[in-house]
Engineer: 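There's a structure below that I have some questions on.
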There are 2 protein chains.
Amino acid sequence: MFLPLQLDRSDASPLQDQLFEQLQEMIISGRLKPNTRIIGTRFLAEQVGVSRTTVLLAFERLISEGYLDTRPGVGTFVSSSIADVQFVGEGSKSNGQFERQAFLRPMVFNARLNSHSKETGSRFDFGSTSSDGTELLPAKILLRKIRDALDKHPHGLAVPQPPGGLDELRRAIADHLATTRGLMTSPEQVIVVLGRRQAFSIVAHLFQRRGDRVILECPTDDDTVAFFETRDAVLVPVPVDENGLETDRLPEEPASLAHVTPARQNPLGGILPVARREKLISWARQAGAYIIEDDCDAVFHYRGAAPPPIAALDPYGLVFYAGSFAKTLGTGIGLGYLVVPSEFVEPALALKTMSQDGCSWLEQILVAELMSSGEYNHHLRRLRKTYLERRDCLIEALTQHFGTVSLLGTEAGTQLTWRLPERFPPAHAVRAMAGERGINLQGSSGRSSTANSACRFRDRALILGYAAMSSARIRQGIERLSGLLRSYNSIR
Amino acid sequence: MFLPLQLDRSDASPLQDQLFEQLQEMIISGRLKPNTRIIGTRFLAEQVGVSRTTVLLAFERLISEGYLDTRPGVGTFVSSSIADVQFVGEGSKSNGQFERQAFLRPMVFNARLNSHSKETGSRFDFGSTSSDGTELLPAKILLRKIRDALDKHPHGLAVPQPPGGLDELRRAIADHLATTRGLMTSPEQVIVVLGRRQAFSIVAHLFQRRGDRVILECPTDDDTVAFFETRDAVLVPVPVDENGLETDRLPEEPASLAHVTPARQNPLGGILPVARREKLISWARQAGAYIIEDDCDAVFHYRGAAPPPIAALDPYGLVFYAGSFAKTLGTGIGLGYLVVPSEFVEPALALKTMSQDGCSWLEQILVAELMSSGEYNHHLRRLRKTYLERRDCLIEALTQHFGTVSLLGTEAGTQLTWRLPERFPPAHAVRAMAGERGINLQGSSGRSSTANSACRFRDRALILGYAAMSSARIRQGIERLSGLLRSYNSIR
């Protein structure tokens, strides 16, 4: 920022005072906004042609009077608290902001960020659905695969990225889906995306107008609710039971989209039976709706074969199938995929291209190498084994401390649902109490959202994730939780 | 795909005929769409409970009659040509497709993909603006930095990605912009994005409504035109001269956005003087417009200091500053950044989060490591030196073959503009002739687009990129071009 300072040497007031006053004025008027980094004192001194000492003295006063903050090792910034005071006491002087509001175009979009204030630092983290890192692929393997990729494609980084993703990766995903999920798709229908959210975004932009009805499971995760709320959809929550979406209760009115998590209802855990999957397809056909099948949890299925994805049962081309690598390779892997009915491939690619250039070559080639070498499947088997052990350990610990427990959603995924006995407080109270004692039960689900508020089980269902802790830690955590709930009951 | 086949063993017709007829019917009716991959014969045999030979015989007939295609090593697919014939001769039988159209919701979005059919395989590529790969950072350095990153952050991939990007990277970019561009910004204002397109998309979603006026330079690159066209903006082209945007010709009517490339007008090459930058800011303030400053080419500036970015001159918080690593680290690096005026940081992050989960951790930490270790700046100096040599070589070759040449945009970037002498055919004809002789002059700019059609210089400006070839290759290419143009003149 080139500060438009004008020092007047013929003026009686000292240069450091002029500097102080002009900077103060810029801050008060809002021309220098809170948290703006200020140019270094050395540069500023050069810019305005005064000694550095003069600048330092002016800065010292600005800091002591609260206009500037120093952040050690980072720099000097306009104080973040200045916004609160600038209209107080400055009255007509601070016209900068008022003028702005008069001439500036209002924002078309002005949503707030959904704060993801995960309780970090909890000793017992039952809130996460993915690994804490100990189950990641070893750095050794990652490095080897990256080296292989760079050997094979020394100029890989220079090649423009195709909008649908790297061919190698699309092929590897298509093969993987065919062999592991029985979903036959051509690589052309596989679009590499940046996580579930981009997948949803593409489908929503294709079909959902402002005011359109969108079917959501109730409950579902808050992110999905927030996504469709921000797109001004009319949310139509459809209840779930222990087998997932109650397809008999789908509305007769038309809808533009239905978002479902059949592999493992998120968060409660029901696995949607084939008959309901077929019912959903025929409902969608009649309602003129498209289905977003969010199949991320299918990879962790612990008993027998998982039912075929809805996309594999769909004869009409109504289903958009979304998966991701975030839960298997780490949330730091941005990649996911969307399998698109063939007639929508081109507009879907056009949409993706509009909002974004290609995904990272490095990450794509890494995942493609892992998949095609078999390393990925090997890793999945390892992960599944680990998570299964942790699940068993969690169930055992619950049984040991609470007797017979009523559980849902144990057959897949990385969390289970405990229906709290009546003698315990409701789930939100348990979560709050536990949080204070270093036990994080706060997943992304079950918080306050319109679509979720009316849900069955609502405040008697405690979701426990078991992916982020060792078995020993899980046992300790449940023991502590048990102590907590016992003391609650003895107090009452 | 689970094919809903029903074989009737009590039926007189052989199983392989039943199989043939049912598959044929599914293909003709459109239930199996062109290019759909068909489940393997072994699986299909198991699924319907017949011998594999039966399936193979049915498939052979489907292939020979053109319903299926085999792609060796890939699989068997519904023939792609089936779409053309299915309504012919099948009449009322093929009601699948008709029914669909009756009940299916029309797409809200239905754009075509802007085809990026770069002439690949040209021996002389003057169409590219970035390296062909030989100037990439060596794999050795990449691997070392990735290893360093994995050593320092062994669980890095497990950490959820902050929506604005990795803190390390945001800090490194803020520092880089402060030291190399004099743009003082706090790391919080830096949003890591996936290339220029996502940067544009965020700003457009913030401020641009359907039908809003958007100022574009004329000419500008086709991608930018296509982007705003698809968003139903009213495009207002403002001419450029050899110094970039003619700010005196900015319209008086309000506009919601102005997209500018002041560091090096894309494609013609003017560098916008400071006075025009200031003029643009005051115009924007009056017009109620926000400015997208596309500063990608600032990194390759060959003479003296580049003028400060518009964002650094802006006292009002009107300027969104976009940069990218695609030209410096390779187009396979998806990352770019958008510096957002502080009051818009939160809605911008919300928008980014809506359309996408975090960017790749691996790529972000790699770039952050390269920047903070100084390796990135070192690489930039190397690149600048290489490109400067190639530019000089190109100018020398042009002068040698064509005498005094009128050039624009030689002071920055990776391409220059040659104003073709009148004795030569117009630029589009030269491009076409050259293309046939293995010389690619077809950049992304200057093609047919509404906003570009009225531009000054239009068909007398030949853009020559010099980043993708060695000096020797550049000399050969210009020699060949010279021969081509000489023979054209001798034919006339």
Side-chain angles (χ1 to χ4, degrees), chain A residues 1-2 31 33 35 37 39 103 105 107-111 113 131-133 136 139 143 146-147 150 155-161 184 186 194-195 197-198 201 205-207 209 227 230 256 288 308 312-313 315 330-332 334 342 346-347 349-351 354-363, chain B residues 1-2 31 33 35 37 39 103 105 107-111 113 131-133 136 139 143 146-147 150 155-161 184 186 188 194-195 197-198 201 205-207 209 230 256 288 308 312 315 330-334 342 346-347 349-351 354-363:
Chain A
M1 187 164 296
F2 283 74
R31 287 159 76 192
K33 278 172 287 300
N35 299 313
R37 188 207 287 250
I39 187 173
F103 85 85
R105 186 167 297 271
M107 277 186 277
V108 178
F109 174 89
N110 193 3
L113 197 58
S131 163
D132 62 340
L136 290 178
L143 278 170
I146 294 172
R147 189 182 307 117
L150 289 169
H155 294 175
L157 275 176
V159 178
Q161 297 300 296
M184 301 297 162
S186 74
L194 284 137
R197 220 155 322 193
Q198 189 173 48
S201 180
H205 276 92
L206 281 178
F207 302 111
R209 285 198 179 78
F227 175 80
T230 327
S256 69
L313 302 169
T331 45
S342 48
E346 191 164 335
L349 284 178
L351 265 169
M354 260 182 68
S355 71
Q356 185 223 305
D357 303 296
C359 303
S360 154
W361 175 80
L362 200 62
E363 188 172 49
Chain B
M1 188 163 296
F2 284 74
R31 286 159 76 193
K33 277 173 288 298
N35 299 313
R37 187 207 287 252
I39 188 172
F103 85 85
R105 186 166 296 272
M107 277 186 279
V108 177
F109 174 90
N110 194 3
L113 197 58
S131 162
D132 62 341
L136 289 178
L143 277 170
I146 293 171
R147 189 184 308 117
L150 289 169
H155 294 175
L157 275 175
V159 178
Q161 297 300 297
M184 301 297 160
S186 74
E188 291 77 29
L194 284 136
R197 221 158 317 196
Q198 191 174 47
S201 182
H205 275 93
L206 280 178
F207 301 112
R209 285 197 180 76
T230 328
S256 69
T331 46
I333 292 276
S342 48
E346 191 163 336
L349 285 177
L351 265 168
M354 262 181 67
S355 72
Q356 182 223 307
D357 303 295
C359 304
S360 155
W361 176 81
L362 201 62
E363 190 173 47

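All chains are named by letter (A, B, ...) in the order of the sequence lines, taking the proteins before the strands, and each is independently numbered beginning at 1.
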Engineer: Please state whether the side chain, the backbone, both or neither of A:T331 comes within less than 4.5 Å of a heavy atom of chain B.
Structural biologist: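 Both parts, heavy atoms under 4.5 Å.
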Engineer: Please state whether the side chain, the backbone, both or neither of A:S131 comes within less than 4.5 Å of a heavy atom of chain B.
Structural biologist: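 Only the backbone of A:S131 comes within 4.5 Å of chain B.
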Engineer: Is it the side chain or the backbone of B:S201 that comes within 4.5 Å of chain A heavy atoms, both, or neither?
Structural biologist: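 When you check distances to chain A, only side chain atoms of B:S201 fall under 4.5 Å.
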Engineer: Measuring heavy-atom distances to chain A, does B:L150 have an atom under 4.5 Å in its side chain, in its backbone, in both, or in neither?
Structural biologist: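 Only the side chain of B:L150 comes within 4.5 Å of chain A.
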Engineer: Compare every heavy atom of A:M354 with every heavy atom of B:R197, then report the nearest pair and how far apart it is.
Structural biologist: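 Scanning both residues, the minimum pair turns out to be CG-O, 3.3 Å.
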Engineer: Identify which part of A:L136 has an atom lying under 4.5 Å from any heavy atom of chain B, answering side chain, backbone, both or neither.
Structural biologist: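 The answer is the side chain of A:L136.
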Engineer: Rounded at 0.5 Å granularity, tell me how far CG in B:L194 sits from CD in A:Q198.
Structural biologist: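 One gets 8.0 Å once the value is rounded to the nearest 0.5 Å.
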Engineer: Count the heavy-atom pairs under 4.5 Å between each of A:H155, A:R147, A:E363 and chain B, then report the option with the highest count.
Structural biologist: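 Result: the option with the highest number of such pairs is A:H155.
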Engineer: Which one wins on heavy-atom pair count under 4.5 Å against chain A: B:G334, B:S186, B:G330?
Structural biologist: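 The candidate making the most pairs under 4.5 Å is B:S186.
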Engineer: Within this structure, what is the CD1-CG distance for the pair B:I333 and A:L157, rounded to the nearest 0.5 Å?
Structural biologist: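 Taking CD1 in B:I333 and CG in A:L157, the distance rounds to 5.0 Å.
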